[in-house]
Visitor: 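Below is a structure I'd like to ask you about.
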Amino acid sequence: IAYYHARIIKRNKNLNLIGVYGKEKRAKLFAIINRIKTYTNYEELLKDPRVSIVDITTVNNKHAEYGIKAAQNKKHVIVEKPISTNVNSAKRLVKECEKNKVKLTVISQKRFEKNIQRIKREIENKKLEVKNILIEINWYRPLKYYESSEGWRKNKEKAGGGVLIMHAVHYIDLLLWLFGKPQSATGRIEHRYNLEVEDTAKCEIKFNKGITAKIYATTSRKGDYDRIIMNTNKGKIIIENKNNKIQKIIRIIKTILTKTSLERQIENFAESIKNNKEPLITGKDGIRVLETILNIYKSAKIYKNENGK
């Protein structure tokens, strides 16, 4: 994901990619490819007066720690989702950013998709009433995905969880943005790969006005698509992304020719700093999403497959 962030930053006329800090070999390769500086430690990066924004794409349970240090050094903070793996550290991050008067955003680029923003406007203008939602996320990840990068994604302490906090988090953020604070969030999780973290989750989130959202998310079933189905006063709305070979080629072309949703989020953050306004996605948004996910984990019934299938 760091390489994707780097490409977007370099495409933004108001931003310059200056340097990288990370695991030595990976950081050096990243620096060579992007023609930037490699920092020997995080403190060196934070002391560099050229750096005004720190973009954190490391292991989940380090997000808040690195963000807090950046804020204390008067650096604005971009942090990949989730904001943290526990609420207390997430709140400390938000507090430090407020104290040091720096901006904070949590990556959740689905909000910047044009069809989602249109639905948001329709709801706000009271032209669209949503009754219930079904979200299906089938993003297949083989076991080697969890084994890669020293296996942090299969480590519950480092990752915070599996498909729910790593992937479904995007859609939970959307739901909270569209419908506000949930009344309840429950679910069940499955360990078909027999790892510490879940690879399948089934959730139900209830909101005001009787709106119910159901989420099915998995990384252990073959296939690559995501789908939102909304039943509304205007009929059924379906938003679907199929990631077959043709669609992937189309998406690559679009990435070259047009702005992606992540690019629009980074652009929004740069503008929020320039104009001293809150970004569309704030640290407090990240906390609300994390609280919802942790409530689902707390309520969840856990199922393990003895054959790992």
Side-chain angles (χ1 to χ4, degrees), residues 1-2 5 21-23 42-43 45-46 53-111 146 149-177 181-182 185 187 189 195-198 201 203 205 217 262 265-266 269 272 278-300:
I1 195 69
H5 281 229
Y21 166 69
K23 297 271 176 114
Y42 193 45
E43 287 66 32
L45 181 155
L46 295 175
I53 303 170
V54 177
D55 186 357
I56 300 165
T57 62
T58 189
V59 177
N60 291 352
N61 70 336
K62 295 292 184 181
H63 287 179
E65 177 185 331
Y66 282 109
I68 289 167
K69 288 180 180 178
Q72 290 170 341
N73 283 270
K74 310 296 183 183
K75 311 296 185 185
H76 302 288
V77 180
I78 300 171
V79 61
E80 257 295 343
K81 49 73 188 167
I83 186 171
S84 181
T85 54
N86 70 82
V87 173
N88 287 337
S89 63
K91 287 182 176 179
R92 287 199 301 273
L93 171 56
V94 170
K95 185 177 179 180
E96 285 296 331
C97 288
E98 291 174 345
K99 178 182 175 182
N100 290 282
K101 298 181 180 179
V102 294
K103 304 296 182 187
L104 167 64
T105 195
V106 182
I107 294 300
S108 195
Q109 68 267 27
K110 285 286 182 182
R111 285 198 201 184
Y146 293 95
S149 300
E150 300 179 0
W152 73 266
R153 294 183 186 89
K154 67 178 183 178
N155 184 302
K156 190 173 182 179
E157 181 181 353
K158 293 180 178 180
V163 67
L164 194 57
I165 200 167
M166 295 281 285
H167 305 293
V169 58
H170 287 291
Y171 291 88
I172 293 172
D173 174 75
L174 275 189
L175 291 171
L176 270 60
W177 185 50
K181 184 179 180 179
I189 58 177
L195 301 174
E196 285 183 14
V197 299
E198 82 285 353
C203 321
I205 305 176
L262 180 57
Q265 180 172 358
I266 298 295
F269 188 63
S272 75
E278 284 294 280
L280 179 61
I281 303 174
T282 66
K284 290 180 180 178
D285 290 330
I287 290 173
R288 284 188 281 268
V289 172
L290 178 61
E291 287 175 332
T292 303
I293 289 170
L294 294 180
N295 283 337
I296 294 171
Y297 279 136
K298 188 176 180 180
S299 75

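Bear in mind the structure is a predicted one, so any value in this text is a computation, not a measurement. Hydrogens, waters and symmetry mates are skipped; everything else that's a heavy atom, side chains included, is used.
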Visitor: Identify, with sequence neighbours excluded, every residue that meets salt bridge (Lys or Arg N to Asp or Glu O under 4.0 Å) alongside E65.
Guide: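 Scan of E65 (salt bridge (Lys or Arg N to Asp or Glu O under 4.0 Å), adjacent residues dropped) gives K62, K69.
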Visitor: Which atom names give the shortest non-hydrogen contact between N60 and A159, and what distance separates them?
Guide: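 Closest heavy-atom pair between N60 and A159: ND2-O, 2.8 Å.
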Visitor: Listed by chain and number, what are the side-chain contact (heavy atoms from CB on, under 4.5 Å) partners of A2, not counting sequence neighbours?
Guide: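 Only F30, T57 meet the side-chain contact (heavy atoms from CB on, under 4.5 Å) criterion with A2.
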Visitor: Taking R111 for the side chain and L280 for the main chain, is one N or O donor matched with an acceptor at less than 3.5 Å?
Guide: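 Yes, the answer is positive, given that a donor and an acceptor are paired below the 3.5 Å cut-off.
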Visitor: Would you please test I296 and I172 for side chain to side chain contact (heavy atoms under 4.5 Å, CB included) and show each step?
Guide: CA-CA 11 Å; I296 294 171; I172 293 172; 4.3 Å; yes
Visitor: How close do A185 and I205 get, counting heavy atoms only, and between which atoms?
Guide: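 Closest approach of A185 to I205, heavy atoms only: CB-CG1, 4.2 Å.
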Visitor: Which residue pairs pass the ring pair (Phe, Tyr, Trp, His ring centres under 6.0 Å) test with at least one member in residues 66-96, sequence neighbours excluded?
Guide: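 Passing the test, one end in residues 66-96: Y42-Y66.
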Visitor: Below 4.5 Å, heavy atoms only, C-beta onward: do C203 and L164 meet side chain to side chain?
Guide: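 Touching, per the 4.5 Å side-chain cut-off.
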Visitor: In Å, rounded to the nearest 0.5 Å, how long is the span from CD1 of I53 to CG of L104?
Guide: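 Here the rounded value is 12.0 Å.
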Visitor: Identify, with sequence neighbours excluded, every residue that meets salt bridge (Lys or Arg N to Asp or Glu O under 4.0 Å) alongside D55.
Guide: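 Partners of D55 by the salt bridge (Lys or Arg N to Asp or Glu O under 4.0 Å) criterion come out as none, since no residue qualifies.
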Visitor: Taking the side chain as C-beta and beyond, is there a heavy-atom pair between V106 and V289 under 4.5 Å?
Guide: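 Result no, sub-4.5 Å side-chain heavy-atom pair not found.
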Visitor: Is there a donor-acceptor pair under 3.5 Å between the side chain of H63 and the backbone N or O of E80?
Guide: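 Yes, the answer is positive, given that a donor and an acceptor are paired below the 3.5 Å cut-off.
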Visitor: Go through the structure and list residues passing side-chain contact (heavy atoms from CB on, under 4.5 Å) with K158, not counting sequence neighbours.
Guide: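 Testing K158 for side-chain contact (heavy atoms from CB on, under 4.5 Å), a comparison that skips the adjacent residues, returns V59, N61, W152, N155.
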Visitor: Who passes ring pair (Phe, Tyr, Trp, His ring centres under 6.0 Å) against H5, sequence neighbours left out?
Guide: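 In terms of ring pair (Phe, Tyr, Trp, His ring centres under 6.0 Å), with neighbours along the sequence ignored, H5 is linked to no residue.
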Visitor: Of all heavy-atom pairs between L46 and A70, which one has the smallest distance, and what is that distance?
Guide: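 It is CD2-CA, 3.7 Å.
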Visitor: For the pair D173 and K110, find out whether any cationic side-chain nitrogen is under 4.0 Å from an anionic carboxylate oxygen.
Guide: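 The answer is no: the pair does not qualify as a salt bridge.
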Visitor: Looking only at heavy atoms, what is the nearest atom pair of I83 and A90, with distance?
Guide: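 Shortest heavy-atom contact: CG2-CB, 3.8 Å.
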Visitor: Taking only residues two or more places apart in sequence, or in another chain, which ones meet T105 in a side-chain contact (heavy atoms from CB on, under 4.5 Å)?
Guide: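 Once residues adjacent in sequence are excluded, the partners of T105 under the side-chain contact (heavy atoms from CB on, under 4.5 Å) criterion are I78, Q265, F269, P279, I281.
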Visitor: Does L294 have any side-chain contact (heavy atoms from CB on, under 4.5 Å) partners at least two apart in sequence or in another chain, and if so, which?
Guide: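 Checked L294 against side-chain contact (heavy atoms from CB on, under 4.5 Å); matches are V87, L290, Y297.
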Visitor: Under 4.5 Å between any side-chain heavy atoms of V94 and T282, yes or no?
Guide: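 No, too far: nothing below the 4.5 Å cut-off.
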Visitor: Between C97 and V77, what is the shortest heavy-atom contact and its length?
Guide: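 Of all heavy-atom pairs spanning C97 and V77, the closest is SG-CG2, 4.3 Å.
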Visitor: Tell me, please, which residues at least two apart from K74 pass salt bridge (Lys or Arg N to Asp or Glu O under 4.0 Å).
Guide: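 For K74 there are no salt bridge (Lys or Arg N to Asp or Glu O under 4.0 Å) partners, ignoring immediate neighbours.
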Visitor: The test is side chain to side chain contact (heavy atoms under 4.5 Å, CB included); show your working for L93 and S84 and say whether it passes.
Guide: CA-CA 9 Å; L93 171 56; S84 181; over 6 Å; no
Visitor: Can you find a heavy atom in the side chain of P82 that is under 4.5 Å from one in the side chain of I293?
Guide: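 No, side chains not in contact.
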Visitor: Write out all pairs satisfying salt bridge (Lys or Arg N to Asp or Glu O under 4.0 Å) with one or both partners inside residues 81-107, taking only residues at least two apart or from two chains.
Guide: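 Every salt bridge (Lys or Arg N to Asp or Glu O under 4.0 Å) pair that includes a residue of residues 81-107, provided the two are not neighbours, is E98-K284, K103-E278.
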Visitor: Among residues at least two apart in sequence or on other chains, which ones pass side chain to side chain donor-acceptor pair (under 3.5 Å) with Y146?
Guide: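 Only T219 meet the side chain to side chain donor-acceptor pair (under 3.5 Å) criterion with Y146.
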Visitor: In the structure I gave you, are the side-chain heavy atoms of D285 and L176 within less than 4.5 Å of one another anywhere?
Guide: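 No; the side chains remain at least 4.5 Å from each other.
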Visitor: With sequence neighbours left out, write down each residue that passes side chain to side chain donor-acceptor pair (under 3.5 Å) with T85, or none if nothing qualifies.
Guide: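 So T85 forms no side chain to side chain donor-acceptor pair (under 3.5 Å) with any residue.
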